[in-house]
Amino acid sequence: MRDDLRVAGLLPVVDPYGSGATIAPSVLSVAGNDAVVDWVQVELRIHPTNPLAVASASGLIQRDGDIVATDGSSPLAFIAAPGTYRVVVKHRNHLAIMGSTAYAITATPVGLDYRVATTPMHVRPAPNNDLPRKTIGSWAVMWAGNVHDDDRLRYVGANNDRDPILLAIGGSTPSATITGYHAADVNLDGVVKYVGNNNDRDPILVNIGGSTP
């Protein structure tokens, strides 16, 4: 994954999910596969249809897809009793994902790899039974473009994910851009663009199929 936000110095040092956690400057100086891409939030849940999290922890996702604690290397830790939990991964402008398997979580670190296509994932009941992840090459990834921060991608209509991009750049001049840490920055390059090369609007249309807005 790209780490433009880190390179440009745009990643917030304080956790945007509100835990109060911070990133040490030394962590943000790391380049290569372990470079920090962004903050993520990981939740433990008991029941697949109950959105209530038993515990949550904010972590950092690296270029190679690893999620680590804010020291840049340790596993995430949760304040929760040992038990069997489903694990949810959330990102500020991607659709959340949850494994369909309940894992035994204890004081001993457990490794889960949601990048592997064969890892079973929770699928919502019909008619909302779209694939929970997108496949790019040999990897399974989260769906990008959830700018409105709900449970689906929309290109047009009420609560769509395209309009917030236009609003973020001012709402009246489609060719305008802004730089910074914004949910409307779908491709995570540090620039919010509505038109032109590397704009943030096109990935949403592509992800819903590309032909039926």
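None of the values given here were measured: they were computed from a predicted structure. Numbers for residues simply follow the sequence, beginning at 1.
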Is there a side chain to side chain contact (heavy atoms under 4.5 Å, CB included) between Asn93 and Leu188? Walk through the geometry before answering.
CA-CA 9 Å; Asn93 58 18; Leu188 303 182; 4.0 Å; yes
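- Interatomic distance, CG of Asp113 versus OG1 of Thr118, reported as 8.5 Å (0.5 Å rounding).
- Looking at Asp151 and Arg124, a side-chain N of the basic residue comes within less than 4.0 Å of a carboxylate O on the acidic one, giving a salt bridge.
- Using a 4.5 Å heavy-atom cutoff, the side chains of Tyr114 and Trp139 are not in contact.
- The only member of Asp3, Val27, Asp4, Val36 that meets side-chain contact (heavy atoms from CB on, under 4.5 Å) when paired with Leu11 is Val36.
- Considering every non-hydrogen atom in both Ala80 and Leu44, the closest pair reads CB-CD1, 4.4 Å.
- Note: Arg45 CZ to Met98 CE = 6.0 Å, rounded to the nearest 0.5 Å.
- Separating the OG atom in Ser100 from the NE2 atom in His122 is a distance of 9.0 Å, to the nearest 0.5 Å.
- In this structure the side chain of Arg152 reaches within 4.5 angstrom of the side chain of Asn128, judged on heavy atoms.
- The side-chain heavy atoms of His91 and Met142, taken from C-beta on, include a pair separated by under 4.5 Å.
- Distance check, rounded to the nearest 0.5 Å: CG of Asp202 to CG of Asn197 gives 9.5 Å.
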Working for side chain to side chain contact (heavy atoms under 4.5 Å, CB included), residues Arg86 and Ile46
CA-CA 6 Å; Arg86 293 172 186 263; Ile46 294 178; over 6 Å; no
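- A pairwise comparison of heavy atoms in Pro12 and Trp39 identifies O-NE1, 2.9 Å as the closest pair.
- Rounded to the nearest 0.5 angstrom, Arg162 CZ and Leu167 CG are separated by 10.5 Å.
- With hydrogens and angles disregarded, no donor-acceptor distance shorter than 3.5 Å links the side chain of Thr173 to the backbone of Ser175.
- Residues Val89 and Ile67 are in side-chain contact: their nearest non-hydrogen atoms beyond the backbone lie under 4.5 Å apart.
- One side chain, Asn207 or Lys134, offers a donor N or O that lies under 3.5 Å from an acceptor on the other.
- Arg92 forms no cation-pi arrangement with Tyr17, by the criterion of a distance under 6.0 Å to the ring centre and an angle within 45° of the ring axis.
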Side chains of residues 51-64: which donor-acceptor pairs under 3.5 Å do they make with residues two or more places apart or in other chains?
unit_1 : atom_1 : unit_2 : atom_2 : d
Ser58  : OG     : Asp15  : OD1    : 3.3
Ser58  : OG     : Asp15  : OD2    : 2.7
Gln62  : NE2    : Gly72  : O      : 3.1
Arg63  : NE     : Met1   : O      : 2.6
Arg63  : NH2    : Met1   : O      : 3.4
Asp64  : OD1    : Asp66  : N      : 3.2

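- Val40 and Tyr103 fall within a single hydrophobic cluster, where Ile, Leu, Val, Met, Phe, Trp and Tyr are joined by side-chain heavy atoms under 4.5 Å apart, directly or via other members.
- Between the side chain of Asn50 and the backbone N or O of His47, no donor-acceptor pair lies under 3.5 Å.
- For the atom pair CG of Leu5 and NE2 of His182, the computed distance is 10.0 Å after rounding to the nearest 0.5 Å.
- For the pair Ala104 and Val110, the tightest heavy-atom approach, listed with the atom from each and the gap, is O-CG2, 3.5 Å.
- Side-chain contact check for Asn160 and His148: no donor-acceptor pair (N or O, by modelled atom type) lies under 3.5 Å.
- The residues Lys193 and Asp189 are annotated as not salt-bridged, no charged nitrogen and carboxylate oxygen being separated by less than 4.0 angstrom.
- Hydrophobic cluster of Leu166: the remaining members, joined at side-chain heavy-atom separations below 4.5 Å, are Leu95, Trp143, Val147, Leu153, Tyr155, Val156, Ile165, Ile169, Ile178, Val186, Val192, Tyr194, Val195, Ile204, Leu205, Ile208, listed by chain and number.
- Side chains of Arg6 and Val37 form no contact here, defined as non-hydrogen atoms less than 4.5 Å apart.
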Before giving the answer on side chain to side chain contact (heavy atoms under 4.5 Å, CB included), spell out for His94 and Asn146 the whole-Å C-alpha distance, their side-chain angles and the decisive distance to 0.1 Å.
CA-CA 5 Å; His94 285 65; Asn146 189 215; 5.8 Å; no
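- The side-chain heavy atoms of Leu76 and Val68, taken from C-beta on, include no pair separated by under 4.5 Å.
- Sequence neighbours left out, the pairs with a member in residues 71-85 that pass side-chain hydrogen bond (donor to acceptor under 3.5 Å, both in side chains) are Asp71-Ser74.
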